[in-house]
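Sharing a structure with you now.
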Number of protein chains: 2
Amino acid sequence: MIEDKTPQRTSIAQLGEFGLIDHLTKNFEINQPSTLKGIGDDAAVLDFKDKKIVVSTDLLIEGVHFDLAYMPLKHLGYKAVVVNVSDICAMNAKPTQITVSIAVSNRFPLEALDELFAGITHAAREYNVDVIGGDTTSSQKGLIISITAIGEADEEEIVYRNGAKETDLLVVTGDIGAAYMGLQVLEREKQVFQVNPNSQPDLDAYTYLIERQLKPEARKDVRTLLHALEIKPTSMIDISDGLSSEIMHLCKQSKVGCNLYEDKLPIDPQFINVCEEFDIDSTTVAINGGEDYELLFTIAMEDFEKIKGNPNFTIIGHMTQESEGIHLVTRANTKIALKARGWDALSE
Amino acid sequence: MIEDKTPQRTSIAQLGEFGLIDHLTKNFEINQPSTLKGIGDDAAVLDFKDKKIVVSTDLLIEGVHFDLAYMPLKHLGYKAVVVNVSDICAMNAKPTQITVSIAVSNRFPLEALDELFAGITHAAREYNVDVIGGDTTSSQKGLIISITAIGEADEEEIVYRNGAKETDLLVVTGDIGAAYMGLQVLEREKQVFQVNPNSQPDLDAYTYLIERQLKPEARKDVRTLLHALEIKPTSMIDISDGLSSEIMHLCKQSKVGCNLYEDKLPIDPQFINVCEEFDIDSTTVAINGGEDYELLFTIAMEDFEKIKGNPNFTIIGHMTQESEGIHLVTRANTKIALKARGWDALSE
């Protein structure tokens, strides 16, 4: 579908590598005081003074992590930044810089890369991160995006995965599962389109789910929210692979067990409707669907009163002794052992 | 050829994403005092105290940047680290950490990835950089490696591309052109092998050139050498795309011209012999061949005595007024305008 959106086609080979880099990076702004030198030298130069630095990196591969049949390039650029910024937020740090490397096959005209970089630029502005470097090259097949995100924090602010205690409460931001069902809707529409290219999809009933899949947001606000509540999580992780998988990471690294309560899971009404339409169990999707980019964290029991009733946070369980294992407590009050069924790029 | 070297084949899908990451990263050591937390959380945590931080990133794509027909995976892993470390050296900074992301198609067995990571581990030890993070995923085609390198320096040590002055001397480390001719030799051997798989190549006459192509080293020592000589370059860049292209970068960013002297170019006797064998002009290759990973820098004329006769450095020219342009002064004392004909991944 990429051709439909880019009637004008300029070959990227015409510009050469340096011309292309100049063209693509000209809209990037430097706003962070910690950026001394951005794009244009062998390396960027940063100064964080007495802050600690947090670094994370992700690789996004066409056909593995995204499908350009339904992912507009501008949204893809935005999402690529978001998934990396989310990792910085999951350390309770403030995102400050990113590097963006791309490899493209020659089927991509310059106009397509402009769309991609428009999304990257938009996200960089939205999350106030400076694009300080990167690499641009050709690929043998498809589009490859590699982003490294950098953030800053005071040492005492940083939250790791390994600090959860046996009686801590398990908390999640926002709602979960919607991004996965958004993907199911888009996959179905793609199949309909392949059978009948003239079909006009009516996606009004799915707008929230599709937005969660195509334009997720990183929870940059959570750091500020928790700071205002005077809560420091004991452990934290972002939900990229699915709630179940992330709970297991926290438990494994913190050496604790967990009881997760089915009736506490925060899910959106549209999500419930579409799970029914697809005849899929909503709890299974809420627990195993990935790409929500919400934050999952544990807090000390003493912080319960501070967070109770807060619309940004839902207490979905509590940690236990490691020997008790990791379980879902169902609405019928039975305990089922949780399995990490999260999204796994290598098993596909 | 990859199959010949890996008689044992373990499918990477068997291990799953997390199992694979655990397996591949278990040999990485943390040696830098600035690494507070390496692999194992949403992000790594670093502390550079009062140092400035230098960040660079590169994407290496099979079929574009390397050919596994003659590039052993262990060498590839080593080289992938070197090319990134080289960018940090080109800022006159000390490399300290790297992140390593890879995407592989399922034609790669675990044993192949072990080879690749053995090379990465070897380079990390050799250059004393901590591997602090990364991503491991599947690709649609071939092997993709994305590395981000981080280094540290005092602010007054950092050397940019834009500081060359009109009368500065132009200096290069080591010798140039050999990596390019090494590639030509390997390409020829590949073609011979394709015609006759039983041919036994005799590569004794090409060992230096092949080593320069397959196992280049980053000039981490130059920072120390220059410090001992009490020289701070006015501008610096590493030679990845070719001398000509890098000179043009320095000139453009420093707003100066340059006279480069053909008879000063440091080239190895083996390089000259092989250029004759291939009937290629050695000056053309020395100027335009890439991947030498030597450092190119400018120094003030007053520093001439300090560097004169030093076997690590060769003075190959001097900077001029910008209006004089950028020229090669040939042995016959004619001036030829330099063109950036450096290696360009996008034009292939």
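Any value given below was found using the heavy atoms of this structure, including those in side chains, with hydrogens, waters and symmetry copies removed. Keep in mind the model is a prediction, meaning the values are calculated, not measured. Just so we're on the same page: letters track the sequence lines, and every chain starts at 1.
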Inset, instruction - Indicate whether any N or O donor in one side chain lies under 3.5 Å from an N or O acceptor in the other, for A:Gln97 and A:Ser34. - result: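 Checked: A:Gln97/A:Ser34 side chains pair up, N/O donor to acceptor below 3.5 Å.
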Inset, instruction - May I ask you to name which of B:Val54, B:Asn162, B:Val45 has the most heavy-atom pairs under 4.5 Å with chain A? - result: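 Highest number of heavy-atom pairs under 4.5 Å: B:Val45.
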Inset, instruction - Take A:Thr298 and A:Ser235 through the side chain to side chain donor-acceptor pair (under 3.5 Å) test and state the conclusion after the steps. - result: CA-CA 5 Å; A:Thr298 53; A:Ser235 69; 2.6 Å; yes
Inset, instruction - With a 4.5 Å cut-off on heavy-atom pairs, point out which of A:Gly133, A:Gly40, A:Ser139 contacts chain B the most. - result: A:Gly40
Legend entry - Top contributor to chain A interface from B:Lys49, B:His249, B:Lys51 [non-hydrogen pairs under 4.5 Å]: B:His249
Legend entry - Short N-O contact, A:Asp154 and A:Lys52, less than 4.0 angstrom: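 Answer for the salt bridge query: no.
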Inset, instruction - Answer yes if the side chains of A:Thr57 and B:Asp135 hold a donor-acceptor pair under 3.5 Å, and no otherwise. - result: no
Inset, instruction - Identify whether the distance between the nearest side-chain nitrogen and carboxylate oxygen of B:Glu246 and B:Lys252 falls below 4.0 Å. - result: no
Legend entry - Best-contacting candidate, B:Met91, B:Met236, B:Glu155, B:Gln253, against chain A by heavy atom pairs under 4.5 angstrom: B:Met91
Legend entry - Choice from B:Leu60, B:Thr148, B:Leu46 maximising heavy atom contacts with chain A below 4.5 Å: B:Leu46
Inset, instruction - Let me know if B:Ile102 has heavy atoms under 4.5 Å from chain A in its side chain, its backbone, both or neither. - result: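 For B:Ile102, the backbone is the part near chain A, not the side chain.
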Inset, instruction - May I ask you to say whether B:Arg223 pairs ionically with B:Glu157, meaning some side-chain N is under 4.0 Å from a carboxylate O? - result: yes
Legend entry - Which portion of B:Ser101 sits near chain A, non-hydrogen atoms under 4.5 angstrom: both
Legend entry - Pair A:Asp58, A:His65: side-chain N/O donor-acceptor within cut-off below 3.5 Å: no
Inset, instruction - Check each atom of B:Ile61 against the heavy atoms of chain A and say whether the ones under 4.5 Å are side chain, backbone, both or neither. - result: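 Only the side chain of B:Ile61 comes within 4.5 Å of chain A.
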Legend entry - Which portion of B:Ile132 sits near chain A, non-hydrogen atoms under 4.5 angstrom: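 When you check distances to chain A, only side chain atoms of B:Ile132 fall under 4.5 Å.
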Legend entry - B:Ile158, part contacting chain A, at a heavy-atom distance under 4.5 Å: side chain
